[in-house]
Amino acid sequence: MLDIKLIRNEPQKYRQGLEAKNAGDRLAELLKWDAERRQCTAQGDELKAIRNRVSDEIGQMKRNGQPAEEKVLEMKKVGQKIDTIDKKLKDIENQINEILIALPNIPHSSVKIGKTAADNVTVKEWGRQPEFDFPLKDHLDLAEALGILDFKRAAKVSGAGFPLYTGDGATLERALINFMLDFHRNKHGYKEIFPPFMVSRESAFGTGQLPKLAEDMYRVDEEDLFLIPTAEVPVTNIHRNEILPEDTLPLKYTAYSACFRREAGSYGKETRGLSRVHQFNKVELVWFTTPENSYQIHEQLLQDAEEILQVLNLSYRVVALCSGDLSFAAAKCYDIEIWAPGSGKYFEVSSVSNFEDFQARRANIRYRRTSDNKVDFVHTLNGSGVATPRLMIALLENCQTPEGTIIIPQALQKYTGFSQIGTQK
RNA sequence: GGAGAGGUGGCAGAGCGGUUGAAUGCGGCGGUCUUGAAAACCGUUUUUCGAUUGCAUCGGAACGGGGGUUCGAAUCCCUCCCUCUCCGCCA
């Protein structure tokens with residue numbers, strides 16, 4: 001959520017920021033309601049001040065045994081006026097709120113202005129795309145031949161778009177999760193979290209999934225709970241409605257979760273195999289920090305996520321998203337895209353975002369500054385570290401042999417317990 | 001699922017219709033004392049909206065959320081949420 005006070009003070013800046021994010025301009029309307037709200041508040045407060053004062057007097061008179069009928073009647077009238085104003089004020093506030101909660105975050109000054117993904121900028125390429133002297137298969141052909149992935153039966157069990165890992169495939173999936181969690185915990189010093197996979201409406205609002213992205217989430221009707229699309233949601237909401245002492249910051253958490261996405265409206269787009277599924281596994285990194293440090297931490301977070309791919313020796317590139325491609329809550333975002341030679345393209349395995357105080361304001365996550373004891377909103381950041389399906393795609397396709405077997409990267413072998421898939425039966 | 005108890009400031013815990021934004025204790029911060037520390041003593045210690053707009057000052061709001069009764073609500077009523085205890089069921 002944006003700060004209405006800041007919008008009021010610098011409308012031009014926010015107008016430009018919202019335009020850069022392709023967000024319809026409702027600022028004029030918002031500011032009109034804001035002015036009206038303040039006027040209304042002033043009127044109401046004045047009347048309430050009178051009521052408070054006179055009500056005190058009535059109390060005193062009654063205690064002294066004096067009649068107070070006249071003042072009571074007078075205050076009854078004042079009370080009615082207050083009711084009218086309060087009702088109007090509530091309407092106005094609803095209008096303001098409706099606009100405000102639907103406005104996206106505005107981009108950071110370092111973000112390139114652009115319309116679509118075509119305007120994104122590749123800022124880094126790591127590793128070499130391996131060369132092969134045999135015809136390559138893509139991950140789905142490999143996996144089905146090896147019997148480690150079974151979409152047909154998954155469809156029988158759950159429907160289209162759900163992965164079913166079997167045998168060594170299931171073990172490899174589990175190995176990836178454990179490897180990543182251990183890595184972030186032991187090497188990067190993140191605190192490990194195992195969050196709930198369903199969250200309340202409030203939590204989904206806090207991180208910005210609601211109200212705009214409601215149709216992307218699965219909802220459990222009876223309980224009004226949402227299946228999480230990412231661990232970001234429960235983990236960020238751990239500190240909802242809290243005031244954190246500054247000396248406890250930054251907080252850095254890593255969490256595994258299953259992630260559930262309806263992927264509504266994306267039929268036909270990149271749906272082969274594991275590239276887009278309704279349920280997947282992801283290890284997430286979440287930071288809470290002071291505003292001064294958040295952009296430095298953003299770079300750090302990117303590095304932490306990248307390192308996973310480096311250790312697995314998988315080639316990737318880092319893309320800085322342009323303003324128009326940023327998600328609702330993000331002020332700045334890097335995508336990490338991994339090279340998959342069998343498919344001949346890059347797949348996004350991580351999104352590393354700085355939300356500044358956008359989520360913190362929605363979720364009311366604050367900190368108390370040591371210097372002056374004042375409270376202010378924290379900055380939240382998160383990044384995938386990383387999501388498994390597309391990592392699996394890249395891994396299978398990069399590590400394939402002419403025989404169609406898979407060589408497990410060194411770093412993973414102690415987690416899988418085997419060094420190759422498809423050799424011995 | 002059934003029965004009961006309860007949600008008040010950083011924590012503990014009073015208050016149950018008017019001078020209570022909230023006693024008291026603990027903790028925190030500042031000070032006195034001390035070579036230093038402890039103890040003791042004194043002071044201080046929520047957030048938020050708005051108005052004149054630097055600090056400051058004045059006013060409004062907030063005792064789980066929402067609604068109601070009343071001149072006046074932490075206190076009464078309704079409703080929702082949450083926590084705890086016991087019973088049942090269950091991984």
Side-chain angles (χ1 to χ4, degrees), chain A residues 1-10 30-101 194 196-206 210 219-226 234 237-249 251 258 288 357 360-378:
Chain A
M1 196 147 57
L2 299 174
D3 184 348
I4 185 115
K5 276 187 262 180
L6 295 178
I7 297 177
R8 194 189 298 153
N9 293 338
E10 297 181 90
L30 181 67
L31 290 170
K32 190 199 78 184
W33 285 120
D34 180 51
E36 223 166 296
R37 185 190 118 251
R38 281 182 293 156
Q39 200 198 336
C40 220
T41 304
Q43 280 176 16
D45 285 0
E46 206 175 307
L47 290 173
K48 284 173 189 171
I50 292 171
R51 184 177 67 181
N52 287 345
R53 189 170 40 84
V54 177
S55 289
D56 270 358
E57 289 170 15
I58 293 171
Q60 249 163 31
M61 291 167 81
K62 290 214 164 174
R63 249 170 288 133
N64 296 339
Q66 299 169 337
E69 279 310 301
E70 199 179 315
K71 280 181 193 260
V72 168
L73 277 172
E74 202 182 317
M75 283 311 102
K76 206 176 181 102
K77 278 187 202 145
V78 172
Q80 280 162 0
K81 275 191 206 162
I82 290 174
D83 273 356
T84 312
I85 290 173
D86 275 352
K87 284 211 174 72
K88 188 176 161 199
L89 191 59
K90 190 151 203 179
D91 284 346
I92 294 171
E93 278 170 352
N94 286 341
Q95 293 288 343
I96 290 175
N97 206 30
E98 188 204 312
I99 298 174
L100 212 50
I101 63 173
F194 206 121
F197 292 175
M198 290 193 254
V199 293
S200 66
R201 197 165 272 282
E202 291 73 36
S203 290
F205 176 83
L210 287 180
R219 172 157 161 258
V220 178
D221 210 18
E222 290 83 348
E223 320 289 342
D224 201 30
L225 291 172
F226 295 86
N237 277 283
I238 289 174
H239 295 298
R240 178 151 50 86
N241 291 329
E242 289 186 17
I243 299 176
L244 306 161
E246 182 175 357
D247 60 19
T248 63
L249 299 177
L251 292 167
F288 301 80
D357 61 5
R361 187 168 279 113
R362 289 185 153 238
N364 194 29
I365 308 168
R366 296 176 292 175
Y367 74 103
R368 190 179 298 280
R369 271 198 300 267
T370 336
S371 58
D372 60 3
N373 235 27
K374 292 269 188 267
V375 293
D376 198 359
F377 291 104
V378 299

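Numbers restart at 1 for each chain; the letters A, B, ... are given by sequence-line order, proteins then strands.
- Side-chain atoms of A:Arg366 lie closest to B:U47 of the nucleotides B:C71, B:U47, B:C49.
- For A:Lys48 and B:A51, the NZ to P distance is 15 Å, given to the nearest whole Å.
- Rounded to an integer number of Å, the gap from A:Asp56 CG to B:G72 P is 12 Å.
- Residue A:Ala49 is in sugar-phosphate contact alone, with no base atom involved, counting any heavy-atom pair closer than 4.0 Å across all strands shown.
- Rounded to whole Å, the separation between the C1' atoms of B:U45 and B:G21 comes to 13 Å.
- Nearest to the side-chain atoms of A:Ser55 among the listed nucleotides B:G67, B:G72, B:G59 stands B:G72.
- Using the Watson-Crick or G-U wobble rule with both distances under 3.5 Å, B:C86 pairs with B:G2.
- A distance of about 6 Å separates the C1' atoms of B:U46 and B:G9, rounded to the whole Å.
- Contact of the A:Lys87 side chain with the A:Lys90 side chain is not registered, since no non-hydrogen atoms from C-beta on lie closer than 4.5 Å.
- Atom pair A:Met61:CE and B:G72:P shows a separation of 16 Å (rounding to whole Å applied).
- By the 4.0 Å N-to-carboxylate-O rule, A:Lys71 lies close enough to A:Glu57 to be salt-bridged with it.
- The gap from the P atom of B:C77 to that of B:A23 amounts to 25 Å, rounded to the nearest Å.
- Between A:Arg37 and A:Leu89, the closest side-chain pair of non-hydrogen atoms falls below 4.5 Å.
- The distance between atom CD of A:Gln60 and atom P of B:U19, rounded to the nearest whole Å, is 10 Å.
- With C1' as the reference atom, B:C78 and B:U70 are 16 Å apart, rounded to whole Å.
- To the nearest 0.5 angstrom, A:Arg38 atom CZ is 9.0 Å from A:Thr41 atom OG1.
- Across the interface with RNA chain B, nearest-nucleotide mapping of A:Arg63 and A:Asp83 shows A:Arg63 to be the residue nearer the 5′ end.
- Salt bridge absent: A:Arg53 and A:Asp56 never bring a charged side-chain N and a carboxylate O closer than 4.0 Å.
- Pair assignment for B:G59: B:C49, on the basis of Watson-Crick or G-U wobble contacts that are both within less than 3.5 Å.
- At whole-Å resolution of the value, CD1 in A:Ile96 and C1' in B:G50 are 13 Å apart.
- The partner of B:A91, taking Watson-Crick or G-U wobble pairs whose two distances both stay under 3.5 Å, does not exist in any strand shown.
- Position along RNA chain B of the nearest nucleotide to A:Gly59 versus A:Arg37 favours A:Gly59 as the more 5'-ward residue.
- One P atom belongs to B:U85, the other to B:C76, and the distance between them is 26 Å to the nearest Å.
- Nearest nucleotide to the A:Arg368 side chain, out of B:U47, B:A51, B:G72: B:U47.
- With distances taken from any side-chain atom of A:Arg51 to the nucleotides B:G50, B:G60, B:A61, the minimum falls on B:A61.
- Atom C1' of B:U44 sits at a distance of 15 Å from the matching atom of B:G10, rounded to the whole Å.
- The interatomic distance linking A:Gln39 (CD) with B:G60 (P) rounds to 20 Å, in whole Å.
- The same atom, C1', is picked in B:A74 and in B:U8; the two are 7 Å apart, to the nearest Å.
- For the pair A:Arg201 CZ and B:C80 P, the computed distance is 18 Å after rounding to whole Å.
- Taking every side-chain heavy atom of A:Asp45 into account, B:G60 is the closest of B:G60, B:U48, B:G18.
- The nearest whole Å value for the distance from the CG atom in A:Asn364 to the P atom in B:G64 is 17 Å.
- Of the possible polar contacts, none joining the A:Arg8 side chain to the A:Ala35 backbone as a donor-acceptor pair under 3.5 Å is found.
- Remark: A:Arg361 is not in phosphate contact with B:U48, judged by side-chain N or O atoms under 4.0 Å from OP1 or OP2.
- Considering only the side chain of A:Lys5, B:C49 comes nearest among B:C49, B:A51, B:C71.
- Listed nucleotides B:U48, B:C71, B:G60 differ in distance to A:Asn52; the shortest reach to its side chain belongs to B:G60.
- One N or O on the side chain of A:Arg362 and one on the backbone of A:Phe205 form a donor-acceptor pair closer than 3.5 Å.
- A:Val78 comes within 4.0 angstrom of no nucleic acid atom, judged by non-hydrogen atoms across all strands.
- The phosphate of B:C49 (OP1 or OP2) has no side-chain N or O of A:Arg38 nearer than 4.0 angstrom.
- Nucleotides B:G65 and B:G13 are separated by 23 Å at their C1' atoms, to the nearest Å.
- Side-chain nitrogen and oxygen atoms of A:Lys76 include at least one within less than 4.0 Å of the OP1 or OP2 phosphate oxygen of B:C71.
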